[in-house]
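For reference, the structure is listed below as structure tokens.
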Amino acid sequence: MTYNVTLIPGDGIGPEVTEAARRVLEAAGVRFHWDIVMAGSSAMEKFGTPLPDSVLDSIRKNKVALKGPVTTPVGSGFRSVNVALRKELELYTCLRPCKTYPGVPSRYMNIDIVIVRENIEDLYSGIEFEKGTPEAAGLIDFILKTKGDTIRQDSGISIKTISDMRSRRIVKFAFDYARKYNRRKVTAVHKANIMKFSDGLFLTVAREVAKTYPDIEFEDRIVDNMSMQLVQKPNQFDVVVAPNLYGDILSDLCAGLIGGLGLAPGANLSDTIAVFEATHGSAPKYTGMNKVNPLAMMLSGVMMLRHLGETENADRLEKAISEVIAEGKYVTYDLKPEAPDSAVGTSQVADAIIDKLTRR
Ligand code: NAD
């Protein structure tokens with residue numbers, strides 16, 4: 001069988017890591033027809049938009065995509081392609097497993113945490129009011145009249161929205177995931193003590209959903225405490241479900257626990273579409289240097305194989321990756337903090353994994 005998959009090389013280090021991932025996925029014995037489309041800065045230069053319709057059309061048609069990171073200009077310029085993709089395709093779940101592989105230099109052992117992040121709403125709703133605009137002034141006036149609260153006129157405003165439906169949907173996803181993969185506990189993360197109507201709603205809904213899964217333990221943590229506990233005693237956590245912003249931050253934190261962003265894979269999921277991508281961004285300073293770690297992208301590819309039902313080939317590829325990490329010879333600089341000069345480049349990591357796969 002040949003799978004039709006949309007391939008988005010992305011910006012910065014994206015083309016290098018997606019190419020490395022493509023090579024190992026094919027070496028794992030799975031046949032693909034790659035529909036290669038451009039998004040991000042490269043698409044902006046060529047088509048005048050960072051997210052051409054052709055990208056959305058291709059993903060809608062193929063239902064599965066492997067995506068490299070894309071650059072989002074900070075403060076000005078075009079809005080995030082990632083946020084737009086997630087909204088357009090209703091990719092409401094961001095699934096980020098964080099697992100330690102033997103041989104990775106890290107302060108922690110045996111971490112196996114899955115972050116389930118709500119992917120569409122919260123402070124990522126994209127509803128913002130720029131300082132000094134009539135819209136911002138109107139909103140400030142409305143809040144003064146309705147709530148009696150004063151907001152400074154020189155404020156920029158970003159709106160945080162948390163809905164019952166989307167909270168319920170993501171928490172249910174976390175519990176279904178826990179059940180499917182024999183996980184014992186779900187932890188909901190929030191700041192409901194301060195944001196009573198947004199995070200408070202998320203927590204209320206999470207508690208309601210938890211009652212319908214009596215076979216799985218449930219607990220909740222305030223996000224600041226959660227951050228401390230993740231660093232101090234990470235092994236107590238299993239599946240973690242969070243609104244968008246906390247999920248984003250905590251998944252980078254968890255990537256740090258397992259050896260860094262070079263090892264943290266991810267998937268953005270709707271009920272029918274799956275876009276697989278690493279947690280890391282486009283790391284522009286390393287563009288074209290054949291330097292960065294392709295394993296996060298490859299492990300996202302392993303998740304894609306599982307999604308496609310290619311379980312055996314996924315296991316084979318993950319085993320080959322795990323062996324290369326454990327041997328510690330053909331790994332990139334981030335996995336060799338003590339001897340960075342002996343690190344290899346992005347494509348040599350792919351060569352080593354392909355060598356393992358083809359020798360078996
Ligand atoms: P980043 O993840 O690109 O890089 C931060 C640092 O992490 C890098 O400097 C590097 O030291 C390390 N790193 C990242 N990936 C690595 C890899 N594969 N191997 C080894 N080390 C790695 O984060 P940033 O610098 O904050 O963001 C750069 C750009 O990426 C921004 O425009 C941002 O908006 C974008 N971004 C995109 C996505 C996405 O497309 N999904 C996600 C996050 C950030």
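Since we're looking at a predicted model, the values are computed, not measured. Numbering of ligands and ligand atoms starts at 1, following listing order.
Between T279 and ligand 1, no pair of N/O atoms sits closer than 3.5 Å. Note: no N/O pair closer than 3.5 Å links T71 and ligand 1 by distance alone. The N/O atoms of V70, backbone and side chain alike, include one that comes under 3.5 Å of an N/O atom in ligand 1. Annotation: A283 places an N or O atom under 3.5 Å from an N or O atom of ligand 1; distance criterion only. Considering both main-chain and side-chain atoms, G281 comes within under 3.5 Å of ligand 1 through a nitrogen or oxygen pair.
Atoms of ligand 1 found under 4.0 Å from any heavy atom of V292 (numbered from 1 in listed order, with element): 17 (C), 18 (N), 19 (N). Counting the atoms of ligand 1 from 1 in the order shown, those under 4.0 Å from a heavy atom of P69 are 39 (C), 40 (O). The atoms of ligand 1 that sit less than 4.0 Å from any heavy atom of Y286 are 9 (O), 10 (C), 11 (O). Applying the 4.0 Å criterion to heavy atoms of L261 picks out, from ligand 1, the atoms 2 (O), 7 (O).
Remark: R22 engages E26 in a salt bridge, criterion side-chain N to carboxylate O under 4.0 Å. The pair D112-R183 meets the salt-bridge criterion, since a charged nitrogen lies less than 4.0 angstrom from a carboxylate oxygen. A salt bridge links D315 and R306; the closest N-O separation between the charged side-chain nitrogens and carboxylate oxygens is under 4.0 Å. Look at D176 and R169 and you find no salt bridge, because none of the NZ, NE, NH1 or NH2 atoms lies under 4.0 Å from a carboxylate O.
Judged by the shortest distance from any of its heavy atoms, A296 lies outside the 4.0 Å radius around the atoms of ligand 1. Within the 4.0 Å heavy-atom cutoff, M297 does not count among the residues contacting ligand 1.
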Which is it for K67 and L85 under the side-chain contact (heavy atoms from CB on, under 4.5 Å) test, yes or no, and what are the steps along the way?
CA-CA 11 Å; K67 174 185 166 294; L85 255 185; 3.8 Å; yes
Show your reasoning for whether side-chain contact (heavy atoms from CB on, under 4.5 Å) applies to N82 and R86.
CA-CA 6 Å; N82 300 310; R86 291 163 195 167; 3.8 Å; yes
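With a 4.0 Å heavy-atom cut-off, ligand 1 is reached by the side chain of P284 but not by its N, CA, C or O. In K285, the part holding a heavy atom less than 4.0 Å from any atom of ligand 1 is the side chain. Contacts of N82 with ligand 1, taken as heavy-atom pairs under 4.0 Å, involve the side chain alone. Proximity of N293 to ligand 1, defined as any heavy-atom pair under 4.0 Å, is shared by backbone and side chain alike.
Here F202 and Y246 keep their ring centres 6.0 angstrom or further from each other.
Counted by atom type alone, Y92 and D271 present one or more donor-acceptor pairs between their side chains at under 3.5 Å. No side-chain donor-acceptor contact under 3.5 Å links N119 and Y124.
Side-chain atoms of S155 do not come within 3.5 Å of backbone N or O of I157 as any donor-acceptor pair.
Closest heavy-atom approach to atom 31 (C) of ligand 1 within the set D252, V17, T72: this belongs to T72.
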